[in-house]
*Asks:* 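Here it is, the structure, as structure tokens.
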Amino acid sequence: PTQGNQPRYSKIKASDLDWGDWDQLPFVVIRLVRDGPVSREAVSERLIHPKDIPLCTDEVASSANSNYKPQWWIFDPVRKKSGKLAIDIPTFLQFRIGLNPDSDPAGVREKMVPAEKKAYVLRSHIYQARGLAAADRTGTSDPYCEIQCGNYRKTTRRNEETLCPIWYETLTGRIFMPAKAQELSQAPMINITVWDWEQGLLGFSADVIIGRSTHEVTQKLIVCQWKAYEPRKPRWRPLYDVIDGKKVPAGELLCSFDILHPNLAKEVHHKLPEGGSLLPWVRTTPMFLEYNILGLRDLEPLPGLFSHTAVSGTSIRIKCGTAEWEDVVDYEWINNHKESIYLDEDLLDRKQK
């Protein structure tokens, strides 16, 4: 890291590159701090072992395969004495770090010059999600997806009462990233967040995060100017959530990203379809979904005041994509488990087949 125009560095005493037992070396601890109500407090940190830090000698740093370059590092939230996390969302910090065994200060690397950035157009193709976590008492969520990259921030429309939302939207906005391919490591990360919509008091938002993911900007995302434009084939990306400081799976998101030069995005062959809607990448055929409800068992009564009432008006809701059906059947609640239940043999035969 640098401070002003002067590089800051600390020497690590070592006779040569063979430092013996690496486990005896202390971690390099980097913390992010901010002003608190009383004093400055740490909110997130990253522990890096010296064996994971690349060398920055002249020979190694000049190599094309050297890891001595700016990288995005994830910082874990700091846990307070009360047991709560200082922040709920992990932080990403981009920096360059290296070890220089030379005793001569001249071996310290020069100040890192920020890459020259130019404007590009980011198209985020958001198709659907599956296996999301339930955030509402109904066992579902009201999810919408947010894409953030630098100052670019766009959201999809909201789906109601579902764990498998379908959007098929393209979110378009302008981002700034390095123009040279070798400097793309300094480009901002594409942050994906799936929120559950909640109406707070007095109209304030009470939305909660139910899944997140990140994606690096690479050369593969930049659209070729010599080919007719077509949204990149999407793929399922795993989502995760942070519970008690640990990552847990939180569903999957089907999406893809394209980056275009602003002038290229205006050309006829690279424009989005009318309305900006996406078409499925698979061939679809209209079909009817047939379902037969045979019965229900082991349904518990509602707790509280209704614990002694019979279960009535029970509904079965079936949802597939944007289609939804709900059957309301007056199911019989049997309190006497010794009561005999007779079933039609023909019905059982059909069920087995």
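Remember, it's a predicted structure, so these values are computed and weren't measured experimentally.
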*Asks:* Test Glu252 against every option in Arg130, Arg235, Arg237 by the side chain to side chain donor-acceptor pair (under 3.5 Å) rule and name the one that passes.
*Replies:* Arg130

*Asks:* Would you say Val194 and Ile209 make side-chain contact, with heavy atoms under 4.5 Å?
*Replies:* no

*Asks:* Answer whether the closest heavy-atom distance between the side chains of Asn191 and Ile147 falls below 4.5 Å.
*Replies:* no

*Asks:* Do the rings of Phe95 and Trp73 sit parallel, tilted or perpendicular, given the 30° and 60° boundaries?
*Replies:* parallel

*Asks:* Applying the salt bridge (charged side-chain N to carboxylate O under 4.0 Å, His left out) test to Asp258, which of Arg123, Arg232, Lys233 qualifies?
*Replies:* Arg232

*Asks:* Tell me whether Asn151 at atom CG has more than 12 heavy atoms from other residues, nucleotides or ligands lying less than 6.0 Å away.
*Replies:* no

*Asks:* Measure the spacing between CE of Met177 and CG of Leu122 and express it to the nearest 0.5 Å.
*Replies:* 9.5 Å

*Asks:* Could you go step by step and tell me if Thr156 and Leu171 meet the side chain to side chain contact (heavy atoms under 4.5 Å, CB included) rule?
*Replies:* CA-CA 7 Å; Thr156 65; Leu171 308 177; 3.9 Å; yes

*Asks:* For the NZ atom on Lys154, are there more than 12 heavy atoms of other groups (residues, nucleotides or ligands in this structure) within a distance under 6.0 Å?
*Replies:* no

*Asks:* Of all heavy-atom pairs between Pro143 and Ile210, which one has the smallest distance, and what is that distance?
*Replies:* CB-CD1, 4.2 Å

*Asks:* Run the side chain to side chain contact (heavy atoms under 4.5 Å, CB included) check on Ile97 and Gln71 step by step: do they pass?
*Replies:* CA-CA 9 Å; Ile97 186 171; Gln71 299 183 53; over 6 Å; no

*Asks:* Would a hydrophobic clustering, with Ile, Leu, Val, Met, Phe, Trp and Tyr connected at side-chain separations under 4.5 Å, put Val28 with Leu93?
*Replies:* yes

*Asks:* Identify the heavy atoms of Pro188 and Trp72 that sit nearest to each other, and give their distance.
*Replies:* CA-CZ2, 3.7 Å

*Asks:* Would you say Glu161 and Asp136 make side-chain contact, with heavy atoms under 4.5 Å?
*Replies:* no

*Asks:* Establish, for the pair Lys247 and Tyr240, whether the NZ or CZ atom is under 6.0 angstrom from the six-membered ring centre and no further than 45 degrees off its axis.
*Replies:* yes

*Asks:* What is the minimum heavy-atom distance between Cys164 and Gly131, and which atoms define it?
*Replies:* SG-N, 4.0 Å

*Asks:* Can you tell if the side chain of Leu253 reaches within under 4.5 Å of the side chain of Cys145, non-hydrogen atoms only?
*Replies:* yes

*Asks:* How about Leu132 and Leu239: do any of their side-chain heavy atoms sit closer than 4.5 Å?
*Replies:* yes

*Asks:* Between CG of Leu221 and OH of Tyr120, what distance do you get to the nearest 0.5 Å?
*Replies:* 12.5 Å

*Asks:* Say whether His125 and Thr170, considering side chains only, have a donor N or O and an acceptor N or O under 3.5 Å apart.
*Replies:* yes

*Asks:* Could you check whether any side-chain heavy atom of Val29 comes within less than 4.5 Å of a side-chain heavy atom of Glu45, counting everything from C-beta outward?
*Replies:* yes

*Asks:* Do Met189 and Glu216 come close enough that some side-chain heavy atom pair is under 4.5 Å?
*Replies:* yes

*Asks:* Any idea how Tyr168 and Tyr127 line up, ring-wise: parallel (<30°), tilted (30 to 60°), or perpendicular (>60°)?
*Replies:* perpendicular

*Asks:* Look up atom CD in Gln186 and atom NZ in Lys180, then write down how far apart they are to the nearest 0.5 Å.
*Replies:* 11.0 Å

*Asks:* Can you tell me how far apart CG (Asp142) and OG1 (Thr162) are? Round to the nearest 0.5 Å.
*Replies:* 9.5 Å

*Asks:* Check whether any side-chain N or O of Glu116 sits under 3.5 Å from a backbone N or O of Pro178 as a donor-acceptor pair, and report yes or no.
*Replies:* no

*Asks:* Using a 3.5 Å distance criterion without hydrogens, assess whether the side chain of Ser256 forms a donor-acceptor pair with backbone atoms of Ser124.
*Replies:* no

*Asks:* Checking side chain to side chain contact (heavy atoms under 4.5 Å, CB included) for the pair Val43/Val33: CA distance, chi angles, key distance, verdict?
*Replies:* CA-CA 6 Å; Val43 293; Val33 297; over 6 Å; no

*Asks:* Are Trp197 and Trp195 co-members of a hydrophobic cluster defined by side-chain heavy atoms under 4.5 Å apart?
*Replies:* yes

*Asks:* Would you say Val78 and Leu32 are hydrophobically clustered, going by side-chain heavy atoms of ILVMFWY under 4.5 Å?
*Replies:* no

*Asks:* Do Ile192 and Cys255 come close enough that some side-chain heavy atom pair is under 4.5 Å?
*Replies:* yes

*Asks:* Would Arg212 and Asp241 count as a side chain to side chain contact (heavy atoms under 4.5 Å, CB included) if you check the C-alpha gap in whole Å, the side-chain angles of each, and the deciding distance to 0.1 Å?
*Replies:* CA-CA 6 Å; Arg212 56 172 71 94; Asp241 197 5; 3.5 Å; yes

*Asks:* Measuring from Ile166:CD1 to Gln128:CD, what's the distance to the nearest 0.5 Å?
*Replies:* 5.0 Å

*Asks:* Can you confirm whether the side chains of Asp196 and Tyr144 place a donor and an acceptor under 3.5 Å from each other?
*Replies:* no

*Asks:* Quick check: does any side chain N or O of Arg46 sit under 3.5 Å from a backbone N or O of Ile74, one acting as donor and the other as acceptor?
*Replies:* yes

*Asks:* In Å, rounded to the nearest 0.5 Å, how long is the span from SG of Cys149 to CZ of Phe257?
*Replies:* 9.0 Å

*Asks:* Side-chain heavy atoms under 4.5 angstrom apart, residues restricted to Ile, Leu, Val, Met, Phe, Trp, Tyr: same cluster for Leu184 and Tyr152?
*Replies:* yes

*Asks:* Could you tell me which non-hydrogen atom of Ala119 sits nearest to which non-hydrogen atom of Pro262, and how far apart they are?
*Replies:* O-CD, 3.2 Å

*Asks:* So if you build clusters from Ile, Leu, Val, Met, Phe, Trp, Tyr with side-chain heavy-atom gaps below 4.5 Å, do Phe176 and Val217 land together?
*Replies:* no

*Asks:* Identify the two heavy atoms, one from Ala135 and one from Glu198, that lie closest to each other, and give their separation to 0.1 Å.
*Replies:* O-OE2, 4.2 Å

